[in-house]
Amino acid sequence: MSRYLNVLPAPRTRGWHRLLIGLGLFLAATRLPAQPVSRPHVDAELVCETLSVHSGKPFYVALRLMMEDGWHTYWRNPGDAGMATSIEWRLPEGWSAGEIQWPSPEQLGKAPEVSYGYSGAILLPVEITPAAGLKPGETFQIGASASWLVCKEVCIPGEADLALRLPAASTPADQQSEWSRGIASARARVPVPLKGWSARASRSGEGFILRLAPSDPGLSIPSSAIFFAGEEGMIDHSAAQETARADGSLSIRLARSPYATAPAERLQGVLYAPSAWDSEKKIQAVEIDLPVENAE
Amino acid sequence: MKRPFHYVVWMALIAAIGWSAATYRPADASGMAELNKPAPDFTLVDSYGKEHKLSDLRGKFVVLEWLNHGCPFVKKHYDSKNMQNLQKQYTGKGVVWLSIISSAPGKQGYSTGDEANQTVKEMGAAPTAVLFDSDGTVGKAYSARTTPHMFVINPEGTLLYNGAIDDIRSTEVDDVAKAKNYVAAALDEAMAGKPVTVGSTQPYGCGVKYAD
């Protein structure tokens, strides 16, 4: 028998030695991949804000990407070049995962090729909803197949299979993990609906003008703002966005995409102002989704 | 009533602002490559040292393929043999297929003539020629932003298609078979005398490696 099963110890080994080795092999096979996972120019990790889960109660996980200096990954609309990061989930029966909640991106590159993405380290939060009726103490595995494109001068596609194991909580209390603050701050950078401002988008020549005026008199007009188009083919990502402050409003000129074959009906994306849109100076990125009105 | 001087200055200023707002045109970011207009003419040298001038190709359909073999999006189309098959299929029908490398010296994709010829052999590629645009002049005239970035020009020299090679923005070889190929569609329609249904799409790929 030891002729064709060379990996197993010879039959004269004690039974309990073989049991230990077998157990070791079993554990190695069922271990979670060590995190973070190292890939060319980026390390990836799946982290969770909580140490345990409750039946039916949503919680946040995040894909953490740590990029080597000078390298970047992409936003949901990558812009002129690149490809958005994506995640495929493997969840227990009855669990569901939402879409990636994208923190507001940076502008990468310069004319004529401008893209939208992230450098340094980024957490991409996703809301997970467990099934109802979980047995306290039972553990569940959440798997994520993440794929991305990481670029500096050149681009390298990457992917990683990541997983987390979480027990169903035995007490009603929340058990925050070391990642709960990091995930909360990533979520705070996700654009929110515009409040306290009125916004209009209108056609102007071949492009658009986006105009915002505060409806709340306490709000001051940002000195600069950048519009990140939510979809490709709408605006020219690399054209300068002339901003002007006049008559108590902020106006931004956006050039039409050279690839648009018909005028866009809606202007959709994210408007980012370093000096913030709210009175507490916390909200820098707001969602824009407006019908495009014809020029006056 | 006599108007004070500063009033005149303000009126002139307001009039000037009003006039410039009324006549404002956003910069034509697409350079000279406008759909359904004459494609910008150019002369470039190929990997054998021979010159090719676009306007000498009147009477034929021309495809321009912006190329960088180091780019994973280009690799998707070459590893799957998609690009080579398109090149063979359409050059077989009399289309002139020009692969253009606008990478600056020292940047990814930049090749010597011998290197480019060797790569064509290794890949089984079948372009009519591989052209070098290392100072990026032609790339910028066409506002070529990615590799691949595809253009289709008709026998009259008019630009019929500008954009992505197909409709799945990924680096996955498996996506080639699932995608709608815009270049094949534009050529098939135009060669049958029909209008091109999809004239332009946002191209996808890696950025063209122009000089800094």
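Just so it is clear, the structure is predicted and the values come from calculations on it, not from any experiment. Letters go in sequence order (proteins before strands), and every chain restarts at 1.
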I need the residue from Ser115(A), Gly82(A), Gly233(A), Pro112(A) with the largest number of non-hydrogen atom pairs under 4.5 Å to chain B. Gly82(A)
Spell out, as yes or no, whether a donor-acceptor pair under 3.5 Å connects the side chain of Asp247(A) to the backbone of Ser249(A). no
By a 4.5 Å heavy-atom criterion (distance strictly below it), what part of Lys107(B) contacts chain A: side chain, backbone, both, or neither? side chain
Under a 4.5 Å heavy-atom cutoff, which of Gly79(A), Ala81(A), Ala260(A) has the most pairs with chain B? Ala81(A)
Contacting region of Thr171(B) [heavy-atom separation from chain A under 4.5 Å]: both
Against chain A, label Ala144(B) side chain, backbone, both or neither, depending on which of its atoms sit under 4.5 Å from a heavy atom there. backbone
Please look at Cys151(A) and chain B and tell me whether the side chain, the backbone, both or neither of the residue comes under 4.5 angstrom of a heavy atom of that chain. neither
Among Tyr210(B), Tyr110(B), Trp66(B), the one residue meeting side chain to side chain donor-acceptor pair (under 3.5 Å) with Ser102(B): Trp66(B)
Test your reading of the model: is there a side-chain donor-acceptor pair from Asn117(B) to the backbone of Lys121(B), 3.5 Å cut-off? no
What is the ring orientation for His72(A) with Tyr74(A), classed by angle as parallel under 30°, tilted 30 to 60°, or perpendicular over 60°? perpendicular
Mark yes or no for whether Arg245(A), through its side chain, and Ile221(A), through its backbone, hold a donor-acceptor pair below 3.5 Å. yes
Shortest non-hydrogen separation from Phe73(B) to Leu149(A) and the atoms involved: CE1-CD2, 3.3 Å
Tell me, side chain or backbone of Cys206(B) under 4.5 Å from chain A's heavy atoms, or both, or neither? both
For Val208(B), which atoms come within 4.5 Å of any heavy atom of chain A: side chain, backbone, both, or neither? both
